[in-house]
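For this chain, numbers begin at 1 and follow the sequence in order.
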Amino acid sequence: MNTSPATEATRTTEATDVSELARLKVMHNGEKEQLTFSDAEFERRLAGLRAIMAARQIDAVILTSYHGIKYYSDFLFTTFGRSYALVVTALDSVTVTANIDAGMPWRTSYGENVIYTDWRRDNYYFALQEVLRQRNVTARRIGVEDDALPLLNRQRIQDAFPDAELVDVSLDAMRQRMIKSAEEIAVITHGARIADLGGEAIREAIREGVSEYEVALAGTEAMVHEIARTFPLREVRDTWVWFQSGLNTDGAHNWATTRKLRRGDILSLNCFPMTSGYYTALERTLFLGEPDARSRELWEINVQVHERGLELIKPGAVCKDIAAELNEIYISHGLLANRTFGYGHSFGVLSHYYGREAGLELREDIDTVLEPGMVVSMEPMIAIPEGEPGAGGYREHDIVVIGEDTTEDITKFPYGPEHNIIPA
């Protein structure tokens with residue numbers, strides 16, 4: 001691992017005025033902690049980014065997104081209105097973090113770290129300048145992530161480097177993230193297993209009269225405990241559950257409420273264990289008590305689409321072709337207009353507030369060819385408006401790992417009416 005000398009001493013000194021406090025710090029407080037992946041894995045990722053830099057004649061990259069910084073350094077920041085960065089040069093990588101985090105970013109990241117303080121305006125941009133100056137990098141072309149960089153921040157980076165051209169690398173970096181390594185797939189597989197455990201805890205908590213949020217808490221707690229057991233030396237954060245009932249099932253991203261479950265309710269179970277910034281999901285339709293005939297019919301149609309979708313995911317398949325064929329099933333039942341989103345998406349560094357590998361979604365406007373190393377979901381959904389027979393949202397969700405010649409569905413929680421009608 002490449003390192004750089006400290007810009008300023010980390011020991012504390014007496015100060016009688018804010019003007020005497022340091023603008024930047026290096027704080028190697030404690031020892032480097034065990035990261036989510038091996039050093040070789042981070043070097044592989046950085047080598048891929050440097051290949052992008054070489055191909056596009058970029059002197060340095062300033063990554064500012066949650067997903068970009070996490071992917072290349074393992075550090076997942078908490079913004080609270082402050083800016084963060086990972087500066088990648090041809091020789092090393094440096095996280096730029098806020099003083100409020102102290103030595104934690106250095107301990108939990110691959111590469112070097114510099115801290116900026118709050119004592120002067122624009123110390124963050126000064127830190128970006130200093131990182132390159134100390135490495136004797138005269139940047140004429142700087143890579144940035146336009147998919148997650150506010151215009152105001154982009155302009156301030158431009159002002160900090162007036163002689164440089166800012167070049168968007170977000171799509172190139174996204175394409176790199178779309179192909180998972182064996183280490184990434186291992187983390188995702190653990191996540192799918194943990195999601196299944198959350199689903200079991202939720203199913204056990206479902207009963208008439210219990211609130212949505214109470215059921216959600218049961219699933220979240222089960223997953224958090226298992227994440228801590230499986231990844232004992234990493235942060236435990238961001239895991240959540242969306243558990244919905246009745247009308248609240250109409251949207252896939254509807255948060256749990258205080259509504260109490262009733263006999264005959266359609267239910268939607270949605271588990272999201274976050275294993276070190278890596279998202280996985282389990283989503284299932286359930287009923288509290290026997291569904292009416294139309295509800296069961298709609299549920300079975302959606303299961304038919306789900307099963308056919310799982311069959312279509314394989315190396316060489318084209319995203320838009322999968323979507324087109326599944327559309328035909330809904331058309332045959334007069335339900336195409338009841339679809340609410342695409343049929344699936346990529347996995348990796350993402351969450352409900354960061355990340356998205358938009359180039360790998362099973363939608364009609366995506367022509368990406370599925371390749372070994374990709375990981376995608378199959379998650380068809382239809383929503384029937386309140387007042388119509390079978391009203392509610394029907395959704396199933398599995399995670400599929402694409403291999404050289406085969407695929408593996410790593411979601412094991414059962415789906416469909418045979419398994420998910422809860423006795424009332």
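- Between the side chains of His28 and Glu112, at least one donor N or O sits under 3.5 Å from an acceptor N or O.
- Seen from the ring of Tyr343, Arg339 counts as a face-on cation partner, given the 6.0 Å and 45° thresholds.
- No side-chain N or O of Glu145 forms a donor-acceptor pair with one of Ser170 less than 3.5 Å apart.
- Rounded to the nearest 0.5 angstrom, Arg23 CZ and Ile115 CD1 are separated by 15.5 Å.
- Using a 3.5 Å distance cut-off with no hydrogens or angles, the side chains of Ser181 and Glu183 do not pair a donor with an acceptor.
- Side-chain contact check for Glu184 and Tyr278: at least one donor-acceptor pair (N or O, by modelled atom type) lies under 3.5 Å.
- Aromatic ring centres of Trp242 and Phe272: separated by under 6.0 Å.
- The salt bridge (charged side-chain N to carboxylate O under 4.0 Å, His left out) test applied to Arg395 returns Glu283, not counting sequence neighbours.
- Ser346 and Arg356 share no side-chain donor-acceptor pair at under 3.5 Å.
- Note: Trp299 and Phe287 meet the aromatic proximity criterion, with ring centroids under 6.0 Å apart.
- Counting only N and O atoms by type, the side chains of Glu33 and Thr108 include no donor and acceptor under 3.5 Å apart.
- In this structure, the ring pair (Phe, Tyr, Trp, His ring centres under 6.0 Å) partners of Tyr353, at least two apart in sequence or on a different chain, are Tyr66.
- Tyr116 and Phe126 have their aromatic ring centers separated by at least 6.0 angstrom.
- Separating the OG atom in Ser276 from the CG atom in Asp74 is a distance of 4.5 Å, to the nearest 0.5 Å.
- Gln155 and Asp159 share a donor-acceptor pair across their side chains, judged by distance under 3.5 Å alone.
- Arg259 and Ser211 are not linked by any side-chain donor-acceptor pair at a separation below 3.5 angstrom, with hydrogens and angles left out of the test.
- The aromatic rings of Tyr279 and His345 sit tilted, their planes meeting at an angle between 30° and 60°.
- With no hydrogens or angles considered, a side-chain donor-acceptor pair links Glu307 and Tyr415 at under 3.5 Å.
- Between the side chains of Asn327 and Glu364, at least one donor N or O lies within less than 3.5 Å of an accepting N or O.
- Asn270 and Arg284 are not linked by any side-chain donor-acceptor pair at a separation below 3.5 angstrom, with hydrogens and angles left out of the test.
- No hydrogens or angles considered: a donor-acceptor pair under 3.5 Å links the side chains of Thr89 and Asp92.
- Applying the ring-ring contact (aromatic ring centres under 6.0 Å, His included) test to pairs two or more places apart or on separate chains, those with a residue in residues 79-99 are Phe77-Tyr84.
- Distance NZ/Lys260 to CG/Asp265: 13.0 Å, rounded to 0.5 Å.
- The two residues Arg44 and Glu41 come nearest to each other via the heavy atoms NH2-OE2, 2.9 Å.
- Shortest non-hydrogen contact noted between Met274 and Ser351 is CE-CB, 3.7 Å.
- Looking only at atom types and distance, the side chain of Asn302 has no donor-acceptor partner in the side chain of Thr285 under 3.5 Å away.
- Here the straight-line distance linking atom CG of Asp59 with atom CD of Glu165 works out to 10.5 Å at 0.5 Å rounding.
- Each of Tyr72, Tyr71, Phe75, Tyr110 was checked for a ring pair (Phe, Tyr, Trp, His ring centres under 6.0 Å) with Phe42, and the lone residue meeting it is Tyr110.
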